[in-house]
Amino acid sequence: MLKDKRIIYGVTGSVAAVKAPIVARELVRRGAVVYPALTASGAQFTTAYGLSVLTKNETAAVVFGSPSTWHIHLGRSVDAMLIAPCSATTIGKLRYGIYDTVVTLLAASLPKGIPLVLAPAMDEEMWLQPAVQENIAWLKELGVGIIEPVSGALASGLEGMGRMLEPEELVDEFDNLISMPQDLDTAKPKFKLAFEGKRILISGGPTYEPIDPVRFIGNRSSGKMGAALANEATSVFGANVTLVMGPSAAKTLPFVNRIDVETTDQMYASMLEHLPSSDIIIMSAAVSDYRVKNVSRSKLKKKGDDIPNIDLERTTDILKKLASEKRDDQIIVGFALESQENGEEYARKKLEEKGLDVVVLNSYDENGAGFGSDTNRVTIYTKTGMKRELGLMSKTECAREILAAITELK
Ligand code: CTP
């Protein structure tokens, strides 16, 4: 989609600006014509010369350039503007109309209908400042596209929210946002987020079934798919998300209402509680099918050569229960983890037998797919007869495809 698009690429004062040359190169690689702009603070982290070399266009670096109205001409000639990284200060200036840097000046020179997209990047403390969050909410309301920062290692050495997406993913998000249908009646094009006002209930991760106070039966699910679904549903699709998560270190955005649970029973209770208020339910958790019948209250001790017998019983099939209790206007999505052989047959069977709207098939015996991996390959089946076989992709992209398929159901 970026091919032949004319893009202003603004870079501001955040340490993530060290990635700006790679972002610029990625935009160019996808065929965009890129006009870089760099603030004085941004220039502390990257250089105007480097951006010029990579984009083959001169980097705008001074407000009082020539001709005097250069920014208006440039603003009127482009298809979109990206500011990445966008500092807290630039966010504040954009909100309050302070156009004293090349980047805010250019943003103010975009005519109505030209999308502006920001990728905030800063330390967690700063990102969570009420002033910054309020400014972001206000800009979003106006129709400015926001590429939400993610969790990860920050320049301060701390781990937390505020990290800019890696260049390739960032450019994917930008492309995705500017390709969305826009409402041209608002001051800026308003990105119509597909799930705005919708409540989505998602489960993720494994469940642990205790044997005694220190041991459990579990599985290798990392929770990354559930976290990706929750993060994408809120940031890209604008949904109000509740994520019921089994034991998992996967990070989620602060806007996700995350409820951490451990056992199948806890997950069931939490999903059931949120069922009535949800429009869409996605069971991506790898739920244990069995639990221990008589959980020992004290740690099981070895007794000579005896090997203990652990009696198991079935857990509740949460997905099946929710599907049978939901209202007709609620959409329910399940997952099927199968071997590559016969996967389709089992997936279709689950769709039918559990009464689902969508089933997402993935396999455990394929390299780069399934548990623990950062990538996945899925096939989506809907009760309306659609089958969409996707290639190997990041779990983030995969989540986006699954959510997009759900939007097509109605
Ligand atoms: N699921 C559930 N509750 C369970 C077990 C599974 O809600 N106790 C959900 C999973 O979240 C997933 C789907 O059901 O969405 C998987 O279906 P299931 O029939 O359990 O498949 P597997 O356990 O993957 O496979 P099999 O039936 O072959 O054991």
Side-chain angles (χ1 to χ4, degrees), residues 200-210 216-230 233 241-248 250 259-275 278 280-293 312-326 330-366 369-373 376-383 395 398-399 402-403 405-406:
I200 306 194
L201 175 63
I202 301 172
S203 72
T207 57
Y208 285 179
E209 296 303 333
F216 63 87
I217 297 173
N219 62 66
R220 294 184 194 280
S221 166
S222 62
K224 286 178 187 167
M225 196 62 234
L229 281 164
V241 176
T242 296
L243 172 67
V244 180
M245 186 69 131
S248 158
I259 299 164
D260 288 296
V261 297
E262 202 165 291
T263 64
T264 305
D265 271 354
Q266 289 164 357
M267 183 174 278
Y268 179 42
S270 188
M271 293 296 284
L272 210 51
E273 183 192 332
H274 293 92
L275 177 68
S278 305
I280 298 163
I281 302 100
I282 307 178
M283 271 303 293
S284 77
V287 186
S288 173
D289 289 321
Y290 306 99
R291 72 171 150 245
V292 176
K293 229 173 175 176
L312 300 177
E313 61 187 1
R314 287 291 289 268
T315 55
T316 311
D317 187 327
I318 305 174
L319 180 61
K320 198 168 177 178
K321 280 275 190 195
L322 297 178
S324 69
E325 292 198 12
K326 77 170 186 68
Q330 293 172 303
I331 289 175
I332 190 154
V333 181
F335 272 66
L337 182 69
E338 310 289 350
S339 70
Q340 289 182 74
E341 210 182 329
N342 300 333
E344 171 153 355
E345 186 192 327
Y346 287 125
R348 287 192 187 278
K349 211 165 145 200
K350 275 173 196 165
L351 185 71
E352 182 131 332
E353 283 178 0
K354 297 200 187 192
L356 310 179
D357 295 291
V358 180
V359 73
V360 180
L361 166 68
N362 58 354
S363 50
Y364 55 82
D365 54 357
E366 183 183 345
F371 284 6
S373 148
N376 208 357
R377 184 210 293 278
V378 304
T379 307
I380 303 167
Y381 300 89
T382 68
K383 74 164 187 215
K395 284 190 171 164
C398 197
I402 294 166
L403 293 163
I406 299 172

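By convention here, the first residue in the shown sequence is residue 1. Side chains are part of it too, since the values below use all heavy atoms of this structure and drop only hydrogens, waters and symmetry mates. In listed order, ligands and their atoms are each counted from 1.
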Numbered in order shown, the ligand 1 atoms found under 4.0 Å of a heavy atom of G334 are 15 (O)
Checking heavy-atom distances from atom 9 (C) of ligand 1 to each of L356, L319, T315, the winner is L319
Original post:
Should A285 be listed as contacting ligand 1, given a heavy-atom distance under 4.0 Å as the test?
Top reply: yes
Discussion item. For ligand 1 and A336, I'd like to know whether there is a polar contact (N/O to N/O, distance under 3.5 Å).
Written reply: no
among protein heavy atoms, the one nearest atom 3 (N) of ligand 1 is I318 N, 3.0 Å
Note to self: Less than 3.5 Å apart, any donor N or O on the side chain of S363 or E366 sitting next to an acceptor on the other?
What the structure shows: yes
- [ ] Tell me, yes or no, whether the heavy-atom count around K326 atom NZ, taken from other residues, nucleotides or ligands under 6.0 Å, exceeds 12.
- [x] yes
Do any nitrogen or oxygen atoms of K350 lie less than 3.5 angstrom from nitrogen or oxygen atoms of ligand 1?
yes
Quiz item: Any N or O on A286 sitting closer than 3.5 Å to an N or O of ligand 1?
Solution: no
Quick one: do E338 and K350 make a salt bridge, cutoff under 4.0 Å? yes
Open item on the list: Salt bridge check, E345 against K349: does any charged N sit closer than 4.0 Å to a carboxylate O?
Closed with: no
When every non-hydrogen atom of N376 is compared with those of C398, the smallest separation belongs to CB-SG, 4.1 Å
Note: D317, heavy atoms under 4.0 Å from ligand 1, region reported as both
S222 and S248 have their tightest heavy-atom pair at O-OG, 2.8 Å
Residue, atom and distance of the protein heavy atom nearest atom 16 (C) of ligand 1 read F335 O, 3.0 Å
* Asked: Does F371 CZ have over 12 foreign heavy atoms under 6.0 Å away?
  -> yes
For K354, the ligand 1 atoms with a heavy-atom partner under 4.0 Å come out as 13 (C), 14 (O), 16 (C), 17 (O), 18 (P), 19 (O), 20 (O)
Q.
Could you walk me through whether I217 and L312 satisfy the side chain to side chain contact (heavy atoms under 4.5 Å, CB included) test, starting with their C-alpha distance in whole Å, then the side-chain angles of each, then the deciding distance to 0.1 Å, before giving a yes or no?
A. CA-CA 10 Å; I217 297 173; L312 300 177; 3.7 Å; yes
query: Can you check whether D289 has an N/O within less than 3.5 Å of an N/O in ligand 1?
result: yes
### Query
Does the N or O separation between S203 and ligand 1 drop below 3.5 Å for any pair?
no
Partner of I332 under side-chain contact (heavy atoms from CB on, under 4.5 Å), picked from I282, V359, L201, L322, is L322
Paired with T207, the side chain to side chain donor-acceptor pair (under 3.5 Å) test is passed by just one of T264, T263, N219, namely T264
When distances are taken from atom 6 (C) of ligand 1, the protein heavy atom at minimum range is V287 CB, 3.9 Å
- Message: Between ligand 1 and S288, can you find any atom pair, the residue atom being a heavy atom, that is separated by under 4.0 Å?
- Response: yes
For T316, the ligand 1 atoms with a heavy-atom partner under 4.0 Å come out as 3 (N), 4 (C), 8 (N)
